[in-house]
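Reading through the structure tokens given below for one structure.
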There are 2 protein chains.
Amino acid sequence: MKRPTIADIARRAGVSKGAVSYALNGQPGVSEATRQRIVAIAQEIGFNPNSAARALSGASARAVGLTLCRPARILGIEPWFMGLISGFEAELSARSYALTLQVVATPELEVEVYRRWWGERRIDGVIVTDLRENDIRIPVLQQLQLPAVVIGGPGETGNIAQIWSDDAGAITEAVRYLVALGHRRIARVSGLPGLLHTQARTRAFNDICTSLGLEATTVPSDYTGEEGSRATRRLLIDTERPTAIIYDNDVMAVAGLAVAQEMGLAVPGDLSIVAWDDSPLCSLVHPPLTALSRDIAEYGAHAARELLATIDGKQVTNVEAGPAQLTPRGSTAPPR
Amino acid sequence: MKRPTIADIARRAGVSKGAVSYALNGQPGVSEATRQRIVAIAQEIGFNPNSAARALSGASARAVGLTLCRPARILGIEPWFMGLISGFEAELSARSYALTLQVVATPELEVEVYRRWWGERRIDGVIVTDLRENDIRIPVLQQLQLPAVVIGGPGETGNIAQIWSDDAGAITEAVRYLVALGHRRIARVSGLPGLLHTQARTRAFNDICTSLGLEATTVPSDYTGEEGSRATRRLLIDTERPTAIIYDNDVMAVAGLAVAQEMGLAVPGDLSIVAWDDSPLCSLVHPPLTALSRDIAEYGAHAARELLATIDGKQVTNVEAGPAQLTPRGSTAPPR
DNA sequence: AGAATTTACTGAACCGGGTAAGTTGTGGAG
DNA sequence: CTCCACAACTTACCCGGTTCAGTAAATTCT
């Protein structure tokens, strides 16, 4: 099947290619009557502008890029990314931008992908997740002048817009809640320590524990279930074991729940569990997990909106999304 | 920053644009010495061919498309798709093809996305998942002559290549295993009944149960945890409740496990559970779930290879991947 | 040695849109 | 009635690759 082009439309409408282009793009230069005639013909023959031709003549590629830099094994079960992607899509497809995805193994490869995308003019901007300390991606994006939005911070990103949520407020609320229930020994299993938002959480956790006169034990982990289990075991074999554990994501929390059950500890009787990020996973297990809920898809949609604004040349500012909301469920109770 | 073009290379090498194009694409028409000089210059100035220009001049877009047609809410927690995507990527990025993703709500919208992508020349082919009965996407792809590979079947797809796994063999093995353990009342919670592979499984389940003189109870569901819970409750409130349940995916199996625990039934003592597809989720919960394991990423890689072969114009045939392997874990045992 | 072929290029057209510059035709002001 | 402004177009070139036809020089064949 041959794809219709503006030349086909021009011929049928009895006008020039230029007129068709003006008409379809809402530019001045054609009468309203002609425009409607042209639009009708385009509709009728199912015209879609060739994205390559468009991109070539200086216009945008109408695509944004996302690189996922976690081992493939983890990606599958991590609801966070898919939630984010759903959110992006809601915003992008409404403005008919495509989302180009690439799974990479290391931040260095991520930078290479950015360079290649930029060189190929394949995308108009990128969404950057998992902001790290002294993130090597930031200077590259600045050098290439590639529009970008960073998720996860706050951190040093120069003129690149950021969007983050108030993790400090959330973890403070969670700790206060557990203390109000009567817990005194509260531990935390954290995500990858190199990520800025992990560090922000750790700092806030230490602060609130200190100010309440509690000991702040954080076991670093990597967001995977395996590591979550291992960290939980390490915490629970202690004679002075914690009566409550806060996990940096829901996958580790579920893994922690299984370890507790396997060790014969009742949840929430012997151990209370709080998960961060409230995917359906939290409500699926027994008991359902108390969680720090955020609307991840909305978070992603927000980021996509910011990115599109940046691409349109609007000056965007850093945005702080609302903090995660504590959603109490069956996994938290006063300690026995 | 200005992006280098072949014209820049041509100038520096003192040859014509055409020569540069031949040199970089390994075409005959330039001497080996000139080719090496040109390649060296391209390397030096960090040249990447503009993908739009390439696509415009008849060559391929070097991108393939994937549409995900499940509610956003489910996508997040469904490890299947991310596993698949990881597999695609392994193959695609090796040949520097991009993956374009779109989340859609209905099969009708999916068809529209295909049409748009085709019209925009944005992609060279698509990967089709969740093959349905009389799938409306198949005739459209045939009409557009858009290269495609279908995952999930077998079914009627004309000249479009398919890849599927032997679900019948897998479920037969699972039933035989449970029967060998001593189970006589085996139920099944299925995925979306409209999908062809669900139907294949249901048929095989009925066959093996009939041949073993068992009653085949299948409760249809939709792959979500919520529905999985509901279906499980419906099965377990029966006075003649099953002693074993086979779930069509791991998310529903985990949900089923939680329901059993909530109802005070011991797993595997009172109820054995078998999950289909073995994501890390299965090993995360307590007890870890016996599962029908497949290497989903490899499955995806396979599909990507087939698609790239189709795009290259090679005649491809339908492929049957190996059946899922039964991986016994703690959730299955002889009934009490 | 001269003709035929091959090699190593060059030049220009082309893909399908966008857009600046030029060309009409019309209406209103002076 | 002329001049000018403006709307409504057309023409032509641009983007950055690919590819085909053409050409001069080098090589092979008879």
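The model shown is predicted, which means the values in this text are computed figures rather than measured ones. Quick note on labels: first sequence line is chain A, next is B, and so on, each numbered from 1.
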### Query
Bend across the helix from C:dA1-D:dT30 to C:dG30-D:dC1, to 10°, with axes taken over 5 pairs at each end?
50°
### Query
Partners of A:Q142 by side-chain hydrogen bond (donor to acceptor under 3.5 Å, both in side chains), sequence neighbours excluded?
A:N159
### Query
Can you name the side-chain hydrogen bond (donor to acceptor under 3.5 Å, both in side chains) partners of B:S165, sequence neighbours left out?
B:D167, B:R294
### Task
Give the B/S/- string for nucleotides 5-18 of chain C, one per nucleotide from 5' to 3', where a protein heavy atom under 4.0 Å of the base yields B, of only the sugar-phosphate yields S, and otherwise -.
---BBB----BBBS
Among residues at least two apart in sequence or on other chains, which ones pass salt bridge (Lys or Arg N to Asp or Glu O under 4.0 Å) with [X]?
X: B:E133; result: none
X: B:R137; result: B:E110, B:D135
X: B:E108; result: none

### Nearest atoms (heavy-atom pairs only) where A:L196 meets A:P154
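Nearest pair, atom of A:L196 first, then A:P154: CD1-O, 3.9 Å.
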### Task
Just jot down the side chain to side chain contact (heavy atoms under 4.5 Å, CB included) partners of B:S16, sequence neighbours excluded, or say none.
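With sequence neighbours excluded, B:S16 shows a side chain to side chain contact (heavy atoms under 4.5 Å, CB included) to B:A19, given in chain and number order.
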### Query
For A:L109, which residues count as a side chain to side chain contact (heavy atoms under 4.5 Å, CB included) partner, sequence neighbours excluded?
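With neighbours one apart ignored, the set is A:V104, A:A105, A:T106, A:E112.
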### Query
Between which nucleotides of DNA chain D, read 5' to 3', does contact with chain B run, using atoms under 4.0 Å from its heavy atoms?
D:dG16 to D:dC20
### Any pair counted as salt bridge (charged side-chain N to carboxylate O under 4.0 Å, His left out), so long as it reaches residues 80-98 of chain A, sequence neighbours left out
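Checked against salt bridge (charged side-chain N to carboxylate O under 4.0 Å, His left out) - neighbours excluded - the pairs reaching residues 80-98 of chain A are A:E91-A:R305, A:R95-A:D312.
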### Summary
salt bridge (charged side-chain N to carboxylate O under 4.0 Å, His left out) pairs touching residues 25-44 of chain B, sequence neighbours excluded, are B:R12-B:E44
